[in-house]
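All remarks here apply to the structure that follows.
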Amino acid sequence: MSISPVVGDGGVDPVGDDNATVGADGFAAIEAKWRAIWDVLNPYAVADDGSRERKYVLDMFPYPSGDLHMGHAEAFALGDAVARYWMQRGYDVLHPVGWDSFGLPAENAAITRQAHPADWTYANIETQAESFRRYAVSFDWSARLHTSDPEYYRWTQWLFLRMRERGLVYRQESAVNWCPVDQTVLANEQVVGGACERCGAAVTERELTQWFLRITEYADRLLDDMAQLRGRWPERVLTMQTNWIGRSEGGYVDFALEGGSETIRVFTTRPDTLYGATFLVVAPEAELANKLCAPERRAEFDAYVARVRAGSDAERHPASTSRTGVDLGVRAVHPLTGELVPVWTSDYVLAGYGSSAIMAVPAHDQRDLDFAREFGLPVRTVVQPDDGVDPASSGIAYTGDGPHVESGPADGMDIGDASASVLRELAELEAGEPGVQYRLRDWLVSRQRFWGCPIPVVHCPSCGEVPVPDEELPVRLPELRGAELAPRGKPPLAAAEDWVNAACPRCGGDARRDTDTMDTFVDSSWYFLRYCSPGYAEGPFDPEAVRRWMPVAQYVGGVEHAILHLLYARFFTKVLRDMGLVDFDEPFQALLNQGQVILNGAAMSKSHGNLVDLGEQLATYGVDAVRLTMIFAGPPEDDIDWADVSPAGASRFLARTLRLADDVACPPGTDAEGGDRQLRSLTHRTVAQAAELAEAHRFNVLVARLMELVNAARKRIDAGSEADPAVREAVEAVAVMLSLFTPYTAEEMWEGLGHEPSVARAGWPTVDEQLVARETTVCIVQINGKLRGRLEVPVDTAEAELVSRASEQVAAALGDREVVRTVAKPPRLVNFVVG
RNA sequence: GCCCCCGUGGCCCAAUUGGCAGAGGCGGUCGACUUAAAAUCGAUUCAGUGCCGGUUCGAGUCCGGUCGGGGGCACCA
């Protein structure tokens with residue numbers, strides 16, 4: 001094996017007999033020593049000169065909430081292993097770092113401390129940056145960015161304006177989610193179970209004029225392009241995105257209002273059940289309901305709407321099947337039967353979905369059946385239930401398939417055919433058409449808070465909404481601090497009079513700036529592009545640099561971003577593609593989700609209290625032991641229960657390995673040829689398998705293999721063969737492979753072995769296939785599938801010989817029973833089947 | 001309620017993807033070193049893969065059912 005050893009004159013005496021574990025002072029000194037050397041060598045710098053194949057490895061950038069915690073330690077140990085692996089494989093790896101530095105916590109801290117959000121933010125960033133250095137993450141620090149820097153958010157604003165030009169940005173008054181504690185609106189994605197995802201307060205509904213991004217226009221592409229990701233993204237994440245987009249195919253049906261020109265359009269996924277529709281329901285908040293309501297029902301209707309609006313989300317989604325609603329006092333004409341059906345309003349129909357109105361088919365929809373039974377409305381079965389139970393009497397709607405009845409031309413058909421038949425009938429009558437609906441809503445991006453990217457729009461009394469010209473970007477945040485940021489029911493920016501008043505870019509008259517800031521998810525929807533050319537001044541990114549590096553080869557981050565961030569980033573990428581700024585559909589080719597770090601089954605987070613302090617762990621066990629513990633604990637996607645793992649164990653292994661390097665006696669550069677064949681074979685098999693394991697992200701198994709190799713090398717030394725070149729070869733391979741996980745220990749070993757730093761640039765050991773191939777193998781001999789014997793055989797043993805030797809070996813066990821069948825899988829197995 | 005994932009020694013996890021259940025670690029026990037302890041080193045203990053059934057020469061692995069754990073969506077028509 002050639003590890004292209006660079007032998008320096010200042011070689012360290014590789015033989016030492018220090019038998020003690022490296023104590024806390026010991027590794028602190030080692031860590032400080034190597035940090036200083038790395039600062040000079042800069043071993044992780046990106047060349048970007050085309051000399052090597054490029055690979056972009058990206059960790060989800062952190063939010064600067066304080067110092068790094070156990071969760072960061074896991075995520076970045078993992079991302080770093082990926083990045084360092086490809087570096088060792090000779091790739092030019094872009095592995096940048098930055099901070100998602102806008103956001104509410106900074107603002108809240110500023111209010112409490114009478115300070116500017118930037119003070120808190122940038123202080124935390126410096127703390128984290130220092131911790132990242134200590135943690136030895138292989139970042140190229142030159143690419144560092146912060147989304148709160150004006151030179152970054154200039155381009156966030158620029159992108160917002162480009163999207164606006166493409167009709168993807170609009171401002172609309174609508175009922176929105178409002179968090180009374182944070183005093184801001186929230187995106188649908190930020191409301192979890194009726195509560196604010198951030199602070200947990202019950203979310204209420206408000207009518208406000210807000211900015212939206214038209215992500216729904218990309219629903220189908222967001223869905224379809226997942227085909228490109230299948231197999232390289234966790235299936236779980238793809239499923240969550242699919243559910244979130246929630247595409248439903250069905251049809252629209254138009255019901256004419258009795259005695260009027262009005263039409264009520266409904267969306268249904270079951271057009272086949274149209275003959276079973278016995279009433280219509282319109283969402284109470286929908287303008288349609290207000291318009292349809294008969295005068296004699298007005299009072300009751302208004303009271304109902306008021307009650308619904310006041311109700312919290314939880315009240316609106318009761319666990320029980322009880323239903324509320326009001327008869328609107330009008331009737332509609334069934335398009336196929338001509339029958340008159342009543343029109344009701346009820347809060348179980350949502351205003352924001354479909355056409356805000358449904359046709360109720362109580363026999364085949366549980367919600368409709370509950371409602372029908374509550375108000376004594378008719379139930380008509382049009383699909384024969386296979387169990388013969390009548391929904392009208394059982395109270396259980398039948399949603400399965402079966403022959404249709406009382407359905408005109410669709411009689412006898414199944415759901416598929418009946419749907420087509422009904423849609424055909426509707427088409428002839430021009431009373432309906434096939435249609436698709438999505439659960440996904442447009443992305444509400446405005447926030448009534450301060451510490452975010454200002455929306456680059458000016459409101460002019462005569463010109464209306466006017467975009468700020470590109471050359472005037474960025475629209476910078478004013479210098480507000482402390483109490484000026486406290487929520488007062490209107491955005492803090494609105495109170496900054498000097499800032500708000502601006503000349504209209506179009507007519508020059510008095511105008512006011514938009515006082516909302518953007519959702520921070522906008523900032524993080526394109527940061528991976530900025531990393532390709534962080535200082536670029538001509539645009540958000542240098543298209544050439546993006547062409548060189550994007551898409552991201554491997555993205556690493558928590559599953560908590562499975563929907564929000566990843567969906568938004570995918571959306572931005574598609575928009576940029578349509579704008580001709582990038583030439584790919586998907587930003588992240590592969591995604592790796594690391595699990596959480598928990599303690600005794602309980603989550604460790606800010607809200608649950610940081611149960612284990614990273615700083616203390618690092619001080620007690622050292623950086624490498626903590627990193628190795630994270631990696632070795634189990635598969636990367638699994639949660640790590642800190643109570644189940646042991647940094648002490650990792651620490652012992654590292655000390656043992658370090659000692660191993662000290663015990664290597666043959667000089668650097670010795671040809672391994674002629675070394676112990678068995679050990680050499682193990683080394684080369686381990687290196688070969690380690691590459692496969694690393695590429696499959698099975699780092700825990702990789703570490704186990706390294707432990708085996710370390711144990712084998714140790715045995716060889718203890719047997720008196722410390723001068724065997726095979727030992728040096730094995731230990732050098734260990735140093736290089738271990739450098740993916742424990743950079744300090746690997747450097748110490750490398751130095752101890754007489755090489756110049758840095759081991760990070762040593763290169764992956766070359767595998768000799770001859771040594772990987774086994775000459776002999778153990779063939780197992782079975783009788784009726786049960787193990788009865790073993791044979792050590794050359795791997796190329798012919799089947800006939802194998803069977804005869806096997807037969808000999810188990811002759812006694814076989815006795816005089818007749819072999820009715822022999823299954824041979826040379827050279828691994830022979831199985832005799834006896835009667 | 002619907003969908004998805006996972007159940008392997010006391011614990012965390014492996015098992016060439018249908019072929020010897022055990023690689024690695026943690027913990028335990030015993031021994032060596034030590035005046036002693038820690039550290040270190042060596043040795044060693046422990047499961048037939050949640051449960052029931054099926055397919056197969058052969059099942060931890062595939063299929064059906066069931067129990068347990070975790071996750072996602074949840075009045076989206």
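Below, chain A is the first sequence line, B the second, and so on; all start at residue 1.
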Quantified in whole Å, what is the [atom1] atom distance between nucleotide [N] and nucleotide [M]?
N     : M     : atom1 : value
B:G60 : B:C13 : C1'   : 14 Å
B:C75 : B:U17 : P     : 45 Å
B:G65 : B:C2  : P     : 13 Å
B:U55 : B:G64 : P     : 15 Å
B:U16 : B:G68 : P     : 30 Å
B:C20 : B:C12 : C1'   : 24 Å
B:U8  : B:C51 : P     : 10 Å
B:A39 : B:A59 : C1'   : 46 Å

Under 3.5 Å, which protein N or O atoms sit close to an N or O of nucleotides 55-57 of chain B? Give each pair with its distance.
residue: B:C57; atom: OP1; partner: A:R821; partner atom: NH1; Å: 2.8
residue: B:C57; atom: O2; partner: A:N831; partner atom: ND2; Å: 2.3

> Rounded to the Å, how far apart are A:D641 CG and B:C11 P?
Replying inline: 13 Å

> Just how far, in rounded Å, is P of B:A39 from CZ of A:F27?
Replying inline: 16 Å

> So does A:Y348 get a side-chain nitrogen or oxygen closer than 4.0 Å to the phosphate oxygens (OP1/OP2) of B:A77?
Replying inline: no

Qualifying residues under ring-ring contact (aromatic ring centres under 6.0 Å, His included), relative to [X], sequence neighbours excluded:
X      : value
A:F741 : A:F699
A:Y438 : none
A:Y252 : A:F267
A:Y275 : none

Can you find a side-chain donor-acceptor pair between [X] and [Y] that sits under 3.5 Å?
X      : Y      : result
A:Y304 : A:T324 : yes
A:Q241 : A:W233 : no
A:D624 : A:T745 : yes

>> Run through RNA chain B and report every stem of 3 or more consecutive Watson-Crick or G-U pairs, distances under 3.5 Å, ordered by first number.
In response: B:1-7 with B:67-73, B:10-12 with B:24-26, B:28-32 with B:40-44, B:50-54 with B:62-66

> More 5' along RNA chain B: A:R247 or A:A633, using each one's nearest nucleotide?
Replying inline: A:A633

> Residues in side-chain hydrogen bond (donor to acceptor under 3.5 Å, both in side chains) with A:E775, at least two apart?
Replying inline: none

> So does A:R323 reach the base of B:C75 with its side chain, donor to acceptor, closer than 3.5 Å?
Replying inline: yes

Within the structure shown, what part of the strands sits under 4.0 Å from [X] by heavy-atom distance: base, sugar-phosphate, or nothing?
X      : answer
A:D638 : sugar-phosphate
A:V778 : base
A:R698 : sugar-phosphate

> Is the backbone of A:L274 close enough, under 3.5 Å, to the side chain of A:H334 for a donor and an acceptor to pair up by distance?
Replying inline: yes

Solution key, residues 817-835 of chain A side-chain donor-acceptor pairs under 3.5 Å, sequence neighbours excluded:
residue: A:R817; atom: NE; partner: A:L814; partner atom: O; Å: 3.4
residue: A:R817; atom: NH2; partner: A:A813; partner atom: O; Å: 2.9
residue: A:N831; atom: OD1; partner: A:N784; partner atom: N; Å: 3.3
residue: A:N831; atom: OD1; partner: A:G785; partner atom: N; Å: 2.9

> Per the ring-ring contact (aromatic ring centres under 6.0 Å, His included) rule, which among A:Y218, A:W244, A:W443 passes with A:Y568?
Replying inline: A:W443

>> I need the A:M359 CE to A:T278 OG1 distance, nearest 0.5 Å.
In response: 10.0 Å

Pairs of donor and acceptor atoms involving the side chains of residues 788-795 of chain A, under 3.5 Å and at least two apart or interchain, shall be tabulated with distances.
residue: A:E792; atom: OE2; partner: A:T776; partner atom: OG1; Å: 2.6

>> For nucleotides 1-6 of chain B, give me one character per nucleotide, 5' to 3': B if any protein heavy atom sits under 4.0 Å from the base, S if the only such contacts are to the sugar-phosphate, - if neither.
In response: ------

Between protein and nucleotides 23-28 of chain B, what N or O pairs are separated by less than 3.5 Å?
residue: B:A23; atom: O2'; partner: A:E708; partner atom: OE1; Å: 2.7
residue: B:A23; atom: O2'; partner: A:E708; partner atom: OE2; Å: 2.4
residue: B:A23; atom: N3; partner: A:R705; partner atom: NH1; Å: 3.3
residue: B:C26; atom: OP1; partner: A:R652; partner atom: NE; Å: 3.4
residue: B:C26; atom: OP1; partner: A:R652; partner atom: NH2; Å: 2.9
residue: B:G27; atom: OP2; partner: A:R652; partner atom: NH2; Å: 3.2

> Considering residues at least two apart in sequence or located in another chain, which fulfil the side chain to side chain contact (heavy atoms under 4.5 Å, CB included) criterion with A:P635?
Replying inline: A:E637, A:D638, A:N700

